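Structure, as structure tokens:
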Amino acid sequence: MFHHVRALRLTSCKFLCSHIHVQRRLFFLSAAASPQWRQTTDILLLCAAAQTLSQSQQIHAQAVLHGHLPRSVSISSALILSYANFYSQPSALYALFSQTLPFSRSAFLHNTLLRAYTVLASGSQKSYIDAARGFLIYNDLFRNTGFQPDDHTFPFVLKLCADFLERAKGLEVHGMLTKTRFNDDVFVNNTLLLFYGNCGDLGSVEKLFDDMPERDLISWNTVIRVFSDNGCWLETVGLFKEMVLVSRFRPNTVTVVSVLPVCAWLEDINLVSSVHCYVFKVGLDGEVRIGNAMVDAYGKCGNVAALSGVFEEMVERNEVSWNSLIGGLAYRGFNTDALDSFRLMINENMKLNSITIATMLPALVDLRFFSKGREVHGFSIKMGVDSDVFVANALIDMYGKWGHFTGASNVFCKMDLKNVVSWNSMIGNFAQNKRELEAINLVREMQAHGEIPNSVTLTNVLPACARLGSLYQGKEIHARTIRKGSAFELFVSNALTDMYAKCGCLDLAQNVFDTSLRDEVSYNILITGYSQTNDCHNSLSLFSEMEMVGMKQDIVSYMGVLTACANILAIRKGMEVHAFAMRRLSHEHLFVANSLLDFYTKCGRIKIATKVFDRIPLRDAASWNTMILGFGMLGEVGTAINYFEAMKEDNVEYDSVSYIAVLSACSHGGLVEKGKEYFDDMLAQNIKPSGMHYACMVDLLGRSGLMEQAVDLIKSLSMKPDANIWGALLGACRLHGNVELGCWAAEHLLELRPDHSGSYALLSNMYAEAGRWDEADRIRKLMNGRKVKKNPGCSWVQIQDQLHSFIVGQRLDPSLLLESSR
DNA sequence: GCAGTCCAAG
């Protein structure tokens, strides 16, 4: 019997002890007399192999009963480890340690407790408290005992430092082991590699790896892992090649499964294939983990044939293989195939796990199979994985994209362990569904819960601030990104630039732009931003600058710069852009063509606009609307109406904007009856009139002097009249000198737009024209009191290639004129 | 005593 046990222990008891064997031995031991217990080996074996908590407790009780505890260090240690493996009873661990009689404690017992805390701390859920307990035991070893740390102590404490990124402590331990000369030990150095790697200190990793007196297979695997974890993919592949070609070590399963994801991220199908060949050559192809990693790698490279081939040929498959298959298919959008495999997996009676669910859900979202997704949610509840972070986060995303906010927030609230992705998914749901305030508030709440917003949070919430125009919140977030350093990520700086631009703070937008990384998107944001301000000429210079810094203008750039040209009537510059776009064949893009129409009509070049329009092969509503608006603006009301009728015949889906265009044309031409007809026509089409439509109608009636009808229309509205409506009425009143009605309109207008200088000016001028000077003065004072600045009159001139803007009261630099005459 | 395949948010 003893020999049998001994042999087992020598060949690693963990793997050989079957459940039944342990049961039998336990039964035997509890029945037998105490001499059996002297065979410590036997007990250790049992402890190591104990497969349930109650077995360990049984052994524990027997040991106390037979008087081996609290004397035997071996038994205490074995029990401590056994308890730690069940992630339970942390108090029992320390009790076992402290109850062991002081004279029989040893460095070994300290090491065991330290190891146990390492196991507890670095389990599936990180436990900082157990990590702290581990560090206490390590410190205790120096201070309160007569023992010294040994080569078994350091790997554990270093693992804690590595897992918890305790950089200072790790450096201290490194110093200590140099002092105590344990730095020759290969185990210690391997863990040290991991520590430096996790801290991102690759320089130290490289140096240590070069200086290590001895390396083993694990050293190579660790260093490969560390480089891949730090995103140094080419270096990782280099190390792998060096290992194969130069070192005396042969890659094993761990090496291959570490290097394959790197080949996958590099999307280097040749690399994956060569590793695949190598695996065959050295006979590792039967390894299920390698097969799984292979399936995954081919999937990430988008080679569906190879992926399915490897999967088919695998001699052994587990649930990870199926998950990899499904994930690989879904990764490149083969969602239907992924769903088929998922069904097959169920039919084959494979065990689904949380990863299967978290892989399948996004594929179903992509397919818009939401009710199927809800079924999968049901599965996950049955399996008890619905509050797993990955599953729950995928569910939050799914319900959000489905528009089921209560579903999303139910999942979110039920999670007992949220992470930053959970918060970001919720924030994204709100931000992308026009619930901006909720998104912004959730960022605050997230911080109150101790979660730090990352770049994804910011790229989600900044557009929400932009849409709300809430500069204050945007600035608050900006300050935070500077503190956290994430403002330097391209995505974030672009979102910041966009937020400032949309809030109208182009100076701040420009500032972010000037101090951050830039790409084409950054330029487009500013070009578009400036095109909607008084600084349109900046759009033009940025457009040219793109060319100079080697960036290619795209559709968005053309659209932005053409809007700018239209706003400042920069005809020559706009035509240059047109020619430029033609050389790049970009003018064929519908959006660019529509921008050209807008530009030419606003500049009054209706003939060129017509030519551009005629050459658009497939016009959309915007193309037609722009032309109708253009003709209307130029007073060619008949043509505008003809275009509107032609549009209907062209089977283009005319929209509410089309009616704004045609109504404003009628209004310009004084065609009251025609306008009314179109308005009724619109109602008959079930197009809900907006404030803009009513404003057109008020304008139409008002211009023709039908003030009463205009007022009746305003009074009959079910909605609260907006600024456009009051503005239209005010304009009409000024035209017809109706001061009383004008005041009524203007007071409403100023209430809605207290910062709109034009309204004050209009009202004040109207009073002045009616000779009511004191009233005019009152309005001027009100405007000054509210600190409303009147936008100065501004004009532009193009001299040679340069566009110059100047405002009222400012003189053009004479040198420019000289230059132009040269 | 040290390394270890598959999953979620823009």
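Just so it is clear: chains get the letters A, B, ... in the order the sequence lines come, proteins before strands, and each one is counted from 1. Predicted model, so just to flag it, every value in this text is computed and none were measured.
- For A:M345 and B:dC7, the CE to P distance is 13 Å, given to the nearest whole Å.
- Listed nucleotides: B:dA3, B:dG4, B:dC2. Nearest to the side chain of A:R289: B:dG4.
- The side chain of A:V188 lies closest to B:dG1 when the candidates are B:dG1, B:dT5, B:dG10.
- Here the C1' atom of nucleotide B:dC7 and the CD atom of A:E319 are 13 Å apart, to the nearest Å.
- The interatomic distance linking A:E316 (CD) with B:dT5 (P) rounds to 16 Å, in whole Å.
- With B:dA8, B:dG10, B:dC7 as the choices, the nucleotide that has an atom nearest any side-chain atom of A:D296 turns out to be B:dC7.
- Residue A:V421 has its side chain nearest to B:dA9 when only B:dG1, B:dA9, B:dG10 are considered.
- Between A:K418 and A:E445, no side-chain nitrogen of the basic residue sits less than 4.0 Å from a carboxylate oxygen of the acidic one, so the salt-bridge criterion is not met.
- Summarising the geometry, the separation between CG on A:L352 and P on B:dC6 is reported as 19 Å, rounded to the nearest angstrom.
- The listed nucleotides are B:dC6, B:dA3, B:dA8; the one nearest the side chain of A:K159 is B:dA3.
- Remark: A:K207 does not engage A:D210 in a salt bridge, criterion side-chain N to carboxylate O under 4.0 Å.
- Set against B:dG10, B:dC2, B:dT5, the side chain of A:D216 has B:dC2 as its closest nucleotide.
- One cannot find a donor-acceptor pair under 3.5 Å joining the base of B:dA9 and the side-chain atoms of A:N460.
- Contact between the side-chain N/O atoms of A:R215 and the OP1/OP2 oxygens of B:dC2 is not found at any separation under 4.0 Å.
- A distance-only check finds no donor-acceptor pair linking the side chain of A:R289 to the backbone of A:V257 [under 3.5 Å].
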For this session: Under the ring pair (Phe, Tyr, Trp, His ring centres under 6.0 Å) rule, what do A:H276 and A:Y298 come out as? Steps first, then yes or no, please.
Result: CA-CA 10 Å; A:H276 198 174; A:Y298 277 124; 5.6 Å; yes

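- Between B:dG1 and A:R115, a contact under 4.0 Å exists linking OP1 or OP2 to a side-chain N or O.
- Counting any heavy atom pair closer than 4.0 Å across all strands shown, A:N189 reaches no nucleic acid atom.
- Here the nucleotide nearest the side chain of A:N424, chosen from B:dG1, B:dC6, B:dA9, is B:dA9.
- When each of B:dA3, B:dA8, B:dG1 is scored by its nearest atom to the side-chain atoms of A:N221, the top-ranked nucleotide is B:dA3.
- By the 4.0 Å N-to-carboxylate-O rule, A:K169 lies too far from A:E166 to be salt-bridged with it.
- If you check every strand for non-hydrogen atoms under 4.0 Å, A:D185 touches a base.
- Atom CE of A:M350 and atom P of B:dC6 are 17 Å apart (whole Å).
- Side-chain proximity of A:T359 to the nucleotides B:dG4, B:dG10, B:dC7 is greatest for B:dC7.
- No salt bridge links A:K414 with A:D386; every basic N to acidic carboxylate O contact stays at or beyond 4.0 Å.
- Within the 4.0 Å cut-off from OP1 or OP2 of B:dA9, not a single side-chain nitrogen or oxygen of A:K418 is found.
- You'll find that the side chain of A:S324 is closest to B:dC6, out of B:dA8, B:dC6, B:dG1.
- Residue A:T459 is in base contact, counting any heavy-atom pair closer than 4.0 Å across all strands shown.
- A:A358 comes within contact range of at least one nucleobase, with a heavy-atom separation under 4.0 Å.
- Whole-Å rounding puts the A:L329 CG to B:dC7 C1' distance at 15 Å.
- For B:dC7, one of the phosphate oxygens OP1 or OP2 lies less than 4.0 angstrom from a side-chain nitrogen or oxygen of A:K300.
- When rounded to the nearest whole Å, the span between CG of A:N252 and C1' of B:dT5 equals 13 Å.
- In this structure, A:L194 places its CG atom 11 Å from C1' of B:dG4, rounding to the nearest Å.
- Taking the side chain as every heavy atom from C-beta outward, A:V365 and A:F370 approach each other to under 4.5 Å.
- For A:T153 against B:dG1, a side-chain-to-base donor-acceptor contact under 3.5 Å is absent.
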